[in-house]
Peer 1: 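The structure that follows is given in the form of structure tokens.
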Amino acid sequence: MDAFKEYLEAMAAQLKDSQIHIEGLKRKESIMVAFTAVAEYSGAHGPFSMDRTLVYNKVITNIGDAYNSCSGIFSAPVAGLYYFTFFYHAGGQHPSKLFLMKNCETIVMTTDHKSSNDSADNGGNAAFLQLKEGDQVFVRLGANTHVWGSCQTNFSGFLVRHM
Ligand SMILES: *[C@@H]1O[C@H](CO)[C@@H](O)[C@H](O)[C@H]1NC(C)=O
Ligand SMILES: *[C@@H]1O[C@H](CO)[C@@H](O)[C@H](O)[C@H]1NC(C)=O
């Protein structure tokens, strides 16, 4: 009888451990992170004499609140695989140069030369990034270059899967 009681107690403890584990997995699985923000400036934004973070100041979507529209910086709330895109629109009076940054590392860029005979340009780039919790992702506007402040100059990202 004692042995049977011990067996039942062991089973009950195991069941409880499994339930705690499942609750933890469910919590992680339910984390959603997705944002889109646009650079809403009147007309040309730049050129500036130094590189600077491009602040996409108008938020369209910010599930999980990981994008900061005052600083322009996205901070990963959980470790995982993320996907980012950025597009821009600009006139030909100045070059355009944008860098997608992970902390202080340049990941991908998009550029266009100054030209007098094409009045407007669009460009962009995208990347999958494996991030640790707290890693920062943002777009830098290169020195002496510009973009056009409109919804065609935008930055989006989402958590594909936590890892
Ligand atoms: C635009 O200007 C560049 C030089 O600035 C020239 O090489 C190119 O052929 C021109 N394109 C057109 C469509 O006129
Ligand atoms: C982002 O910009 C691209 C091209 O510049 C445009 O096609 C797209 O519609 C824009 N997205 C949003 C959400 O405004």
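These values consider heavy atoms only, across backbone and side chains, with no hydrogens, waters or symmetry-generated copies. Counting starts at 1 for both ligands and their atoms, in listed order.
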Peer 1: Linking I/L/V/M/F/W/Y whenever their side-chain heavy atoms sit closer than 4.5 Å, directly or via other members, would V33 and V137 fall into one cluster?
Peer 2: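 Yes, V33 connects to V137 through the hydrophobic network.
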Peer 1: Any chance you could pull the hydrophobic cluster mates of F99, using side-chain heavy atoms under 4.5 angstrom and chaining through other members?
Peer 2: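 I73, M101, M109, F138, all in the cluster of F99.
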Peer 1: Note down each nitrogen or oxygen pair, ligand 2 side and protein side, whose separation is under 3.5 Å; give only atom names and the distance to 0.1 Å.
Peer 2:
from	atom 1	to	atom 2	distance (Å)
ligand 2	2 (O)	Q152	O	3.2
ligand 2	2 (O)	N154	ND2	2.4
ligand 2	5 (O)	N122	ND2	3.1
ligand 2	5 (O)	Q152	O	2.7
ligand 2	11 (N)	N154	ND2	2.9
ligand 2	14 (O)	C151	O	3.0

Peer 1: Give the other cluster members for V38, using side-chain heavy-atom distances under 4.5 Å between Ile, Leu, Val, Met, Phe, Trp and Tyr residues; answer none if it is isolated.
Peer 2: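 The other cluster members (ILVMFWY side chains, heavy atoms under 4.5 Å, direct or chained) are I60.
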Peer 1: Would you check if the side chain of N103 reaches a backbone N or O of Q136 as a donor-acceptor pair within less than 3.5 Å?
Peer 2: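 Answer holds: yes.
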Peer 1: Let me know which of Y82, F158, Y83 forms a ring pair (Phe, Tyr, Trp, His ring centres under 6.0 Å) with F128.
Peer 2: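 Checked Y82, F158, Y83 against F128; only one passes ring pair (Phe, Tyr, Trp, His ring centres under 6.0 Å): Y83.
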Peer 1: Could you give all pairs that pass the ring-ring contact (aromatic ring centres under 6.0 Å, His included) test and reach residues 44-68, with sequence neighbours left out?
Peer 2: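 Output for this query lists F35-Y67, Y41-H45, H45-F48, Y56-F155.
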